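Side chains included, hydrogens not; waters and symmetry mates left out as well; all remaining heavy atoms used. Quick caveat: nothing in here was measured; it's all calculated off a predicted structure.
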Amino acid sequence: MLIDSHCHLNYKGLVEEQGAVLARARARGVTGMLNISTREREWEEIVATAVREPDVWASVGIHPHEADEHPDVDAAKLIAAAAHPRVIGIGESGLDYYYDHSDRDRQRASFRAHIAAARETGLPLIVHTRDAEADTAAIIAEEMGKGAFPALIHCFTASAAFGRQMLALGLSISISGIVTFKNAKALQEAAAELPADRLLIETDAPFLAPVPHRGKTGEPAFVADTAAFLARLRGIETEKLMEQTADNFFKLFGKARA
């Protein structure tokens with residue numbers, strides 16, 4: 001089994017030929033894809049894709065870039081949307097201080113609403129964090145103190161220290177195609193040491209196409225290239241890494257088993 005734990009099948013670059021994109025992924029052995037939402041207006045379409053395609057699941061959430069535009073998306077609205085049988089995760093949500101497309105206080109409030117929804121539903125929170133390690137770690141730690149919730153750091157590129165903090169709090173970590181880039185030495189070192197039972201892989205398609213596709217539109221088929229690279233990095237067979245990361249996906253996203 002091979003799972004792309006984070007992609008955007010309804011984004012420009014993929015949605016125009018979604019059927020062909022899915023066919024190419026399946027031809028490379030991809031057996032499941034989690035289609036991630038970033039805005040409320042996407043939820044209906046993303047859920048519809050998951051209903052139509054048995055190997056695609058959906059999430060509901062608001063990206064930190066969109067927090068200013070969604071002040072009314074609270075925990076209750078997320079919980080209601082997450083009741084759909086094909087919705088298996090909450091997010092992506094989190095903090096992005098690199099672009100600051102939304103007010104930081106609004107980002108933090110939205111992040112906490114998503115955490116509350118994850119705690120209430122038991123569905124994993126999909127966390128985006130960029131240039132916001134300290135606040136991300138502080139909020140997750142504080143919220144864990146109020147009651148545990150499952151969560152995943154998606155597209156991990158943060159410091160090794162942040163990674164250790166997240167692992168200590170019980171989170172899993174997902175590695176994207178960035179790990180294949182020549183200038184990603186620190187990430188490669190961190191990825192080589194991540195616990196085998198907390199590791200997932202993703203494409204974040206249509207972004208971040210791995211080597212040897214760098215510069216192209218990313219797509220779920222390319223998760224096979226990231227898996228092969230990560231397996232070499234960790235000194236195991238590619239099939240073993242695929243099996244481990246798929247098992248970890250289903251342990252975290254337990255609703256997907258249904």
Rounded distance (nearest 0.5 Å) linking atom [atom1] of [X] with atom [atom2] of [Y]:
| X | Y | atom1 | atom2 | value |
| --- | --- | --- | --- | --- |
| Ile173 | Leu171 | CD1 | CG | 7.5 Å |
| His114 | Ile139 | NE2 | CD1 | 13.0 Å |
| Ile153 | Ile126 | CD1 | CD1 | 11.5 Å |
| Phe111 | Ile115 | CZ | CD1 | 4.0 Å |
| Phe253 | Asn248 | CZ | CG | 11.0 Å |
| Leu200 | Ser5 | CG | OG | 5.0 Å |

Sidechain N-carboxylate O distance under 4.0 Å for [X], [Y]:
| X | Y | result |
| --- | --- | --- |
| Glu45 | Arg39 | no |
| Lys251 | Asp247 | no |
| Asp135 | Arg104 | no |
| Arg86 | Glu53 | no |
| Lys77 | Asp74 | no |
| Arg119 | Glu143 | yes |

For [X], does the [atom1] atom have more than 12 heavy-atom neighbours from other residues, nucleotides or ligands under 6.0 Å away?
| X | atom1 | result |
| --- | --- | --- |
| Glu120 | CD | no |
| Gln188 | CD | yes |
| Glu44 | CD | no |
| Lys146 | NZ | yes |
| Arg52 | CZ | yes |
| Glu142 | CD | yes |

Give a yes or no on whether the backbone of [Y] and the side-chain of [X] come within a donor-acceptor separation of less than 3.5 Å.
| X | Y | answer |
| --- | --- | --- |
| Glu239 | Glu237 | no |
| Thr180 | Val211 | yes |
| Asp103 | Arg106 | yes |
| Ser102 | Asp68 | yes |
| Thr38 | His63 | no |

Are [X] and [Y] close enough that some pair of their side-chain heavy atoms sits under 4.5 Å apart?
| X | Y | result |
| --- | --- | --- |
| Val179 | Thr226 | yes |
| Leu34 | Asp4 | no |
| Thr49 | Gln18 | yes |
| Leu167 | Leu194 | yes |
| Ile3 | Phe250 | yes |
| Asp225 | Pro210 | yes |
| Asn35 | Val47 | no |
| Ile46 | Val60 | no |

Atom of [X], atom of [Y] and distance for their closest heavy-atom approach:
| X | Y | answer |
| --- | --- | --- |
| Tyr97 | Arg108 | OH-NH1, 2.6 Å |
| Leu125 | Ser93 | CD1-CB, 4.5 Å |
| Glu92 | Ser59 | N-OG, 4.4 Å |
| Gly32 | Trp57 | CA-CZ3, 3.7 Å |
| Gly61 | Leu78 | CA-CD2, 4.0 Å |
| Ala209 | Gly218 | CB-CA, 3.9 Å |

Would a hydrophobic clustering, with Ile, Leu, Val, Met, Phe, Trp and Tyr connected at side-chain separations under 4.5 Å, put [X] with [Y]?
| X | Y | answer |
| --- | --- | --- |
| Val30 | Ile36 | no |
| Phe156 | Phe229 | yes |
| Leu208 | Ile175 | yes |
| Val15 | Val21 | no |
| Ile178 | Met166 | yes |

So [X] and [Y], would you call those rings parallel, tilted or perpendicular, with 30° and 60° as cut-offs?
| X | Y | answer |
| --- | --- | --- |
| His213 | Phe222 | parallel |
| Tyr11 | His8 | parallel |
| His128 | His154 | tilted |

Practice prompt. May I have the step-by-step check of side-chain hydrogen bond (donor to acceptor under 3.5 Å, both in side chains) for Glu202 and Ser174, ending in yes or no?
Written response: CA-CA 7 Å; Glu202 64 172 90; Ser174 181; 2.8 Å; yes
Discussion item. Just by distance, no angles: are the side chains of Thr129 and Glu133 close enough, under 3.5 Å, to form a donor-acceptor pair?
Written reply: no
Practice prompt. Check the side chains of Ser37 and Glu42 for a donor-acceptor pair under 3.5 angstrom, ignoring hydrogens and angles.
Written response: no
Practice prompt. Determine, stepwise, if the pair Ile90 / Thr121 fulfils side-chain contact (heavy atoms from CB on, under 4.5 Å).
Written response: CA-CA 9 Å; Ile90 303 292; Thr121 62; 4.2 Å; yes
Practice prompt. Apply the test side-chain contact (heavy atoms from CB on, under 4.5 Å) to residues Arg28 and Glu219: give CA-CA distance (whole Å), side-chain angles for both, the deciding distance (0.1 Å), then the verdict.
Written response: CA-CA 11 Å; Arg28 298 231 27 216; Glu219 53 184 84; over 6 Å; no
Discussion item. Applying side-chain contact (heavy atoms from CB on, under 4.5 Å) to Asp55 and Met33, what does each step give before you reach the verdict?
Written reply: CA-CA 6 Å; Asp55 52 357; Met33 292 156 269; 3.9 Å; yes
Discussion item. Determine whether Glu17 and Arg24 satisfy the following criterion, salt bridge (Lys or Arg N to Asp or Glu O under 4.0 Å), listing intermediate values before the conclusion.
Written reply: CA-CA 11 Å; Glu17 55 164 351; Arg24 287 193 291 270; 3.2 Å; yes
Item to complete: Check the pair Leu199 / Arg234 against side-chain contact (heavy atoms from CB on, under 4.5 Å), numbers first and verdict last.
Response: CA-CA 12 Å; Leu199 176 65; Arg234 293 172 65 87; 3.7 Å; yes
Worksheet item: Within 45° of the six-membered ring axis of Phe181 and under 6.0 Å from that ring's centre, is NZ or CZ of Arg214 located there?
Response: yes
